[in-house]
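So that the names make sense, note that chain A is the first sequence line, chain B the second, and so on, each numbered from 1. Computed from a predicted structure; not experimentally measured.
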Number of protein chains: 2
Amino acid sequence: MNTHTEENYLKAIYNLSAVKGEANVNELSRHLEIKMPTVNSMMKRLADKKLIVYESYKPVRLTTKGEKEAALIIRKHRLTEMFLVEKMGFGWDEVHGIAEQIEHVQSSDFFAKMDELLGFPKIDPHGSPIPDKNGKMEWTEYHKLNECKTGDIVIFKAVTHSSDDFLKLLNVRELQLGTIIKIKSVEAFDGTMTIEYNKRKPEMLSHLVCDRILVANRKK
Amino acid sequence: MNTHTEENYLKAIYNLSAVKGEANVNELSRHLEIKMPTVNSMMKRLADKKLIVYESYKPVRLTTKGEKEAALIIRKHRLTEMFLVEKMGFGWDEVHGIAEQIEHVQSSDFFAKMDELLGFPKIDPHGSPIPDKNGKMEWTEYHKLNECKTGDIVIFKAVTHSSDDFLKLLNVRELQLGTIIKIKSVEAFDGTMTIEYNKRKPEMLSHLVCDRILVANRKK
DNA sequence: GCAACTAATTAGACTGTTCTAATAAAATCA
DNA sequence: TGATTTTATTAGAACAGTCTAATTAGTTGC
Ligand SMILES: [Mn+2]
Ligand SMILES: [Mn+2]
Ligand SMILES: [Mn+2]
Ligand SMILES: [Mn+2]
C-alpha cells in the first residue's frame, strides 16, 4: 500500500494531468506547497513503485496502476464530502479540509457504507463526478460561465475550485448547484458578467469568478 | 500539535495508567507492538514535550497536559465508534479499527457535529465513558462478572476489551449491553459460569470471558 | 549474596519526508 | 546565437519513526 503522503502526490498528479495529460515538477511543487527537490525525489519513488512514468527533465504521467489508485482516493475524498454535506449538515465550503484527511482512512467497509447511505451518488457537493469502485470517472461536458454570451440561459452545474473564500462568495449570493442563470450582459473590457437568477436583483460576477463556474445549457 | 504516532503512544500510556497510575516501557512495547528501544526513545520525546514525566528505569506518568491530550483523543475515538454504530449501522465489533484512524482527524467541527448528532452521548458502544470537551472522564463503578456469586442478578454494562473475536462471541450468544443476567452456578475448579438471560436456555461462559464483562447490580 | 533473569537503555542503522544551497538543463528572448 | 530566466536535479542535512545487537540496571530465586 501507499503512504498518506504518496496518496496526496498521486492525487495532485491526477488533478494536474486532467488538463494536459501530464504534470511537471514545478506545478506539483506549487500545488502541494512542497519544495521542488522534495517533489523530485518523490517522483523517483513513485516511478520505482510503477505508479508514474518519469524521465529526467520531462513531465510525469500516471501509469494505469497509478491512475486507478489516484482515482480511488479521489473517490474516497468525494464520497466523504458528500457524506459530510448530506448526512452531517456541513456546508459545501466546510468539507474539503476534513475530506483531505478522511480520504486516507483504510477501510473499504467504511466508504462502502457511506456510498450506500448516500444512495450511490454520482457527483460530490461541488458538482465533480465521483469515480466508481474501479476508478472509472465520467466527466459530463460542461463549459465555463465565462464562455457564455449575453442572453444565454444556463444551469449552474459545478465549480472547478473549492476554496473557502470562493464558495463563501457564492453562498452570500445564493448561487447553488442547479441554479438557473440568465446572462444579462458581459463587460467587454474585463469580462465582468451581470447575471440574473432566482428572481433576485441582477448580480455582477468578476471574470475570475466566472472562470471557476461550470454550466450546462438549459435544455433537458 | 502532536503527530499521529505521538497520539497513539499517549493513548496507550493513558489506558495502561488507568490501573496503576503509571506505565512501563515493557508493557507499552507489548501493547503498541513496537520494540522497546523505539518506545524508550519516544518516552524521551514525550518528556521533552512535557507530556509525560520520565526518569530512567522508572515507569512513566502522564503530566496534566499529557493526560488531557490523551483523554481528548480517546474522546474522538469513542465518539467515532458511537457514530459508526448509531448513525452508520456498523456492529460494535466492526468499529474499533476505523476509529483508531479517524481519532487523528484534526477538525474540532467534525467531532462537535458527531457529538451533536448523537445527542451528546456519555458512553461508547462498548460501555466505556466518553471524556467531555475538557478531557474529564467519569467511570461509573462497575464490577467484573467474574466476581459475582451464584444467584446474583446483574446488568451487563461494559466490556473491558474490544477485540473482534471477543465481541463476536458475545454477538453469537446475543449478549448485549443492558442484558439482565442471572448467575445460575459457578464452577469451583475453573471459574466457568452458567448464566441465564433473555429467557434463553442457560449459557456457559469461560473465566476469561467473564473477566472481560463489567456488570452492575440490578437495583435502580 | 551471587547467579540468572527481566527490563531498560545505548549505539548504530535505515526508511520516509522534508528542507537549503549549489548546479545543470531547457526554454525564452533579444 | 548567445544571454537570461525558468525548471529540474544533485548533494547534503535534519527530523520522525522504526529496527537489531549489545550493554547495563534492577529484580528474583536459591
Ligand atoms: Mn475537495
Ligand atoms: Mn489528503
Ligand atoms: Mn475502541
Ligand atoms: Mn490511532
Side-chain angles (χ1 to χ4, degrees), chain A residues 1-13 15-17 19-62 66 69-70 73 100-101 103-106, chain B residues 1-13 15-17 19-62 66 69-70 73 100-101 103-106:
Chain A
M1 253 317 96
N2 306 313
T3 65
H4 176 120
T5 314
E6 287 167 342
E7 290 186 346
N8 284 335
Y9 277 92
L10 283 177
K11 237 181 24 153
I13 297 169
N15 287 329
L16 288 173
S17 300
V19 191
K20 309 182 305 297
E22 52 187 37
N24 60 46
V25 174
N26 195 272
E27 285 166 342
L28 281 168
S29 170
R30 280 204 310 271
H31 220 257
L32 292 163
E33 294 178 280
I34 289 171
K35 296 288 180 291
M36 280 178 41
T38 309
V39 174
N40 185 255
S41 59
M42 181 58 86
M43 293 307 99
K44 291 176 181 168
R45 297 241 328 258
L46 295 179
D48 284 349
K49 296 180 80 171
K50 312 286 185 206
L51 293 165
I52 63 172
V53 286
Y54 166 70
E55 287 175 274
S56 268
Y57 296 100
K58 292 202 183 143
V60 301
R61 276 174 299 112
L62 289 167
E69 298 194 9
I73 301 155
E100 200 57 51
Q101 298 177 68
E103 68 190 357
H104 305 292
V105 167
Q106 286 182 334
Chain B
M1 251 322 92
N2 306 313
T3 65
H4 175 119
T5 313
E6 288 166 341
E7 290 185 345
N8 284 335
Y9 277 92
L10 283 178
K11 237 182 25 155
I13 297 169
N15 287 328
L16 288 174
S17 300
V19 191
K20 309 181 307 295
E22 52 187 37
N24 58 47
V25 174
N26 195 276
E27 285 166 342
L28 282 167
S29 171
R30 280 204 311 269
H31 220 257
L32 292 162
E33 294 179 277
I34 289 171
K35 294 289 181 290
M36 281 180 42
T38 310
V39 174
N40 185 254
S41 60
M42 181 58 85
M43 293 308 99
K44 291 173 182 172
R45 295 235 331 258
L46 295 179
D48 284 349
K49 297 180 81 171
K50 311 286 185 205
L51 293 165
I52 62 172
V53 288
Y54 166 71
E55 287 175 274
S56 265
Y57 296 100
K58 291 202 183 142
V60 300
R61 276 175 299 112
L62 290 167
E69 297 192 11
I73 301 155
E100 200 58 50
Q101 298 177 67
E103 68 189 356
H104 306 291
V105 167
Q106 287 183 335

In whole Å, I'd like the distance from the [atom1] atom of [X] to the [atom2] atom of [N].
{"X": "B/Glu6", "N": "D/dG17", "atom1": "CD", "atom2": "C1'", "result": "10 Å"}
{"X": "A/Asn26", "N": "C/dA26", "atom1": "CG", "atom2": "P", "result": "16 Å"}
{"X": "A/Met43", "N": "C/dG16", "atom1": "CE", "atom2": "C1'", "result": "14 Å"}
{"X": "A/Asn24", "N": "D/dA8", "atom1": "CG", "atom2": "C1'", "result": "10 Å"}
{"X": "B/His4", "N": "D/dA16", "atom1": "NE2", "atom2": "C1'", "result": "13 Å"}
{"X": "A/Arg30", "N": "D/dT6", "atom1": "CZ", "atom2": "C1'", "result": "11 Å"}
{"X": "B/Asn40", "N": "C/dA11", "atom1": "CG", "atom2": "P", "result": "12 Å"}
{"X": "A/Leu46", "N": "C/dT15", "atom1": "CG", "atom2": "P", "result": "17 Å"}

NZ (A/Lys58) with more than 12 external heavy atoms under 6.0 Å
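For A/Lys58, atom NZ is not crowded (no more than 12 foreign heavy atoms under 6.0 Å).
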How close do [X] and [Y] get, counting heavy atoms only, and between which atoms?
{"X": "B/Glu103", "Y": "B/Glu100", "result": "OE2-OE2, 2.7 Å"}
{"X": "B/Val39", "Y": "B/Ile34", "result": "CG2-O, 3.8 Å"}
{"X": "B/Met1", "Y": "B/Glu6", "result": "O-OE1, 4.5 Å"}
{"X": "A/Leu10", "Y": "A/Gly66", "result": "CD2-O, 4.4 Å"}

Given the rule in the salt bridge (Lys or Arg N to Asp or Glu O under 4.0 Å) test, do A/Arg61 and A/Glu55 qualify, once you have shown the distances and angles that lead to the verdict?
CA-CA 10 Å; A/Arg61 276 174 299 112; A/Glu55 287 175 274; 5.7 Å; no
Reading nucleotides 18-28 of chain D 5' to 3', which nucleotides get B (base under 4.0 Å from a protein heavy atom), which S (sugar-phosphate only), which -?
BBBB--BSS--
Which distance, rounded to the nearest 0.5 Å, do you find between the CG of B/Leu32 and the OG1 of B/Thr38?
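If we round to the nearest 0.5 Å, B/Leu32:CG and B/Thr38:OG1 are 10.5 Å apart.
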Got a second to check how far A/Leu62's CG is from A/Lys11's NZ, nearest 0.5 Å?
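One gets 13.5 Å once the value is rounded to the nearest 0.5 Å.
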When you check the phosphate oxygens OP1 and OP2 of C/dA7, does a side-chain N or O of B/Lys58 lie under 4.0 Å from one of them?
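It does not, given that no N or O in the side chain of B/Lys58 lies less than 4.0 Å from OP1 or OP2 of C/dA7.
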Below 4.0 angstrom from OP1 or OP2 of C/dT17, is there any side-chain N or O of A/Arg45?
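Yes, within the criterion.
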Name the closest nucleotide to the B/Thr3 side chain, picking from D/dG17, C/dG16, C/dT10.
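Of the candidates, D/dG17 comes closest.
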Polar contact flag, side-chain donor to acceptor under 3.5 angstrom, A/His104-A/Asn8
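Indeed, the side chains of A/His104 and A/Asn8 share at least one donor-acceptor pair under 3.5 Å.
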List every contact pair, protein side and nucleotides 1-4 of chain C side both N or O, where the distance is under 3.5 Å.
none

